[in-house]
Amino acid sequence: MRKLNLYPRMGDSNMRHIESIISEKLPEYFKDFLKLNGGLSHYERYFIDHDKTVWEVKNYLNYSDLFKLTEEFLKNYHRKLVPFALDMGGWHFCLCLDEGPDYETILVNRWTDYLPEEQFLKIADNFEDFVNSLKIEEEINL
């Protein structure tokens with residue numbers, strides 16, 4: 001059977017809109033990933049952080065959710081966080097674009113389950129490490 005070409009899940013205009021919200025360019029590798037994977041789920045969905053905590057990616061966000069949450073993080077928390085995925089409990093995986101040592105790291109927004117100073121937890125040094133470290137269920141010990 002013929003293999004059909006995928007239409008990007010998000011377009012350049014969606015990316016420009018997110019960039020206008022945070023007044024910053026998104027990294028090309030991040031935009032390319034979102035264009036292909038927004039709204040999808042993968043078998044490679046488990047990430048193990050430096051503390052050996054296992055995180056499960058439920059799905060990658062579609063444009064509408066990404067847009068609303070990026071606005072919310074900027075307005076309510078004064079953070080340049082671009083959420084890209086959701087875990088099984090409703091927490092969000094975010095690319096941090098705040099100036100400083102956390103620039104381009106991956107943070108988990110644990111919403112109101114934690115004190116405000118503990119709400120955002122760094123779990124990966126960068127997006128590439130995060131994606132490259134994702135595993136299928138059989139590769140981890142749950």
Side-chain angles (χ1 to χ4, degrees), residues 3-142:
K3 182 179 176 183
L4 299 176
N5 295 304
L6 289 174
Y7 188 78
R9 317 249 341 132
M10 293 184 211
D12 290 331
S13 63
N14 299 129
M15 297 299 132
R16 285 191 299 274
H17 194 222
I18 298 297
E19 291 172 336
S20 72
I21 293 168
I22 60 173
S23 302
E24 183 162 343
K25 291 280 188 191
L26 294 171
E28 289 300 319
Y29 61 83
F30 187 69
K31 292 193 285 191
D32 292 343
F33 183 89
L34 291 175
K35 287 177 186 178
L36 292 177
N37 296 287
L40 298 178
S41 297
H42 296 133
Y43 288 107
E44 300 86 353
R45 66 180 189 263
Y46 296 98
F47 176 79
I48 302 171
D49 69 14
H50 300 298
D51 295 329
K52 305 296 183 216
T53 301
V54 178
W55 300 90
E56 185 176 358
V57 176
K58 178 180 177 183
N59 65 282
Y60 296 93
L61 299 180
N62 60 38
Y63 170 72
S64 176
D65 292 333
L66 193 151
F67 164 74
K68 286 186 265 184
L69 288 166
T70 299
E71 272 193 332
E72 182 176 342
F73 291 141
L74 190 60
K75 180 181 175 187
N76 296 337
Y77 301 101
H78 309 288
R79 305 282 312 261
K80 288 184 179 182
L81 301 176
V82 183
F84 60 88
L86 181 67
D87 85 346
M88 301 305 272
W91 293 350
H92 290 92
F93 299 93
C94 304
L95 177 68
C96 179
L97 295 175
D98 291 338
E99 291 183 24
D102 285 337
Y103 186 77
E104 289 196 23
T105 62
I106 304 303
L107 305 179
V108 173
N109 175 23
R110 301 183 290 179
W111 292 104
T112 57
D113 297 340
Y114 286 80
L115 296 172
E117 61 271 12
E118 297 172 346
Q119 177 178 343
F120 299 100
L121 178 68
K122 178 180 167 183
I123 63 164
D125 293 332
N126 58 62
F127 187 72
E128 184 176 1
D129 286 348
F130 179 83
V131 172
N132 289 342
S133 298
L134 290 170
K135 300 182 180 314
I136 61 173
E137 187 171 0
E138 292 78 14
E139 295 178 301
I140 61 170
N141 297 321
L142 287 179

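For the side chain to side chain contact (heavy atoms under 4.5 Å, CB included) test, residues two or more places apart in sequence or in another chain that qualify with S133 are F47. Under the rule for a side chain to side chain donor-acceptor pair (under 3.5 Å), D51 has no partner lying at least two apart in sequence or in another chain. For Y114, the side chain to side chain donor-acceptor pair (under 3.5 Å) criterion is met by no residue, not counting sequence neighbours. Residues that satisfy the side chain to side chain donor-acceptor pair (under 3.5 Å) test with R9, not counting sequence neighbours, are absent from this structure. Residues forming a salt bridge (Lys or Arg N to Asp or Glu O under 4.0 Å) with K35 (at least two apart in sequence, or on another chain): D12. Evaluation of the side chain to side chain contact (heavy atoms under 4.5 Å, CB included) rule for I136 yields Y43, E44, E138, E139 as partners, not counting sequence neighbours. Remark: N37 engages H42 in a side chain to side chain donor-acceptor pair (under 3.5 Å) (not counting sequence neighbours).
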For residues 85-100, dump all side-chain donor-acceptor pairs below 3.5 Å to protein atoms at least two apart in sequence or in another chain.
unit_1: D87; atom_1: OD1; unit_2: G89; atom_2: N; d: 2.9
unit_1: D87; atom_1: OD1; unit_2: G90; atom_2: N; d: 2.9
unit_1: D87; atom_1: OD1; unit_2: W91; atom_2: N; d: 2.8
unit_1: W91; atom_1: NE1; unit_2: R110; atom_2: O; d: 3.4
unit_1: W91; atom_1: NE1; unit_2: D113; atom_2: OD2; d: 2.5
unit_1: H92; atom_1: ND1; unit_2: W111; atom_2: NE1; d: 3.1
unit_1: D98; atom_1: OD1; unit_2: K80; atom_2: N; d: 2.6
unit_1: D98; atom_1: OD2; unit_2: R79; atom_2: NE; d: 2.4
unit_1: D98; atom_1: OD2; unit_2: R79; atom_2: NH2; d: 2.9

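With a 4.5 Å cut-off on side-chain heavy atoms, I22 and F73 do not count as touching. For the pair L34/L66, a side-chain contact is recorded, criterion being any heavy-atom separation below 4.5 Å from C-beta on. At least one side-chain heavy atom of E104 sits less than 4.5 Å from a side-chain heavy atom of P27. L121 is listed as a side-chain neighbour of W55, based on a closest heavy-atom distance under 4.5 Å. Within the 4.5 Å cutoff, side-chain heavy atoms of L134 are placed close to those of V57.
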Applying side-chain contact (heavy atoms from CB on, under 4.5 Å) to L81 and N109, what does each step give before you reach the verdict?
CA-CA 9 Å; L81 301 176; N109 175 23; 5.7 Å; no

Apply side-chain contact (heavy atoms from CB on, under 4.5 Å) to the pair V108 and F120, showing each step before the final yes or no.
CA-CA 6 Å; V108 173; F120 299 100; over 6 Å; no

Go through the steps to decide whether K135 and R45 satisfy the test side-chain contact (heavy atoms from CB on, under 4.5 Å), and finish with yes or no.
CA-CA 6 Å; K135 300 182 180 314; R45 66 180 189 263; over 6 Å; no

Going through the checks in order, is the salt bridge (Lys or Arg N to Asp or Glu O under 4.0 Å) test met by E19 and K31?
CA-CA 10 Å; E19 291 172 336; K31 292 193 285 191; 3.2 Å; yes

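A distance below 6.0 Å separates the ring centres of F127 and F84.
The salt bridge (charged side-chain N to carboxylate O under 4.0 Å, His left out) contacts involving residues 116-125 comprise K122-D125, where partners must be two or more places apart or lie in separate chains. The side-chain hydrogen bond (donor to acceptor under 3.5 Å, both in side chains) analysis of residues 60-73, with sequence neighbours excluded, yields the pairs H17-Y63.
Atom CG in L107 sits 5.5 Å away from atom CG in D102 (nearest 0.5 Å). Taking CG from L26 and CD from E24, the interatomic distance works out to 8.0 Å, rounded to the nearest 0.5 Å.
Contact detail for I123 and D49: the closest heavy-atom pair is O-CB, 3.5 Å. Closest of all the heavy-atom pairs between M10 and G38 is CE-CA, 3.9 Å.
In the model, D129 has a side-chain atom that pairs as donor or acceptor with a side-chain atom of N126 under 3.5 Å.
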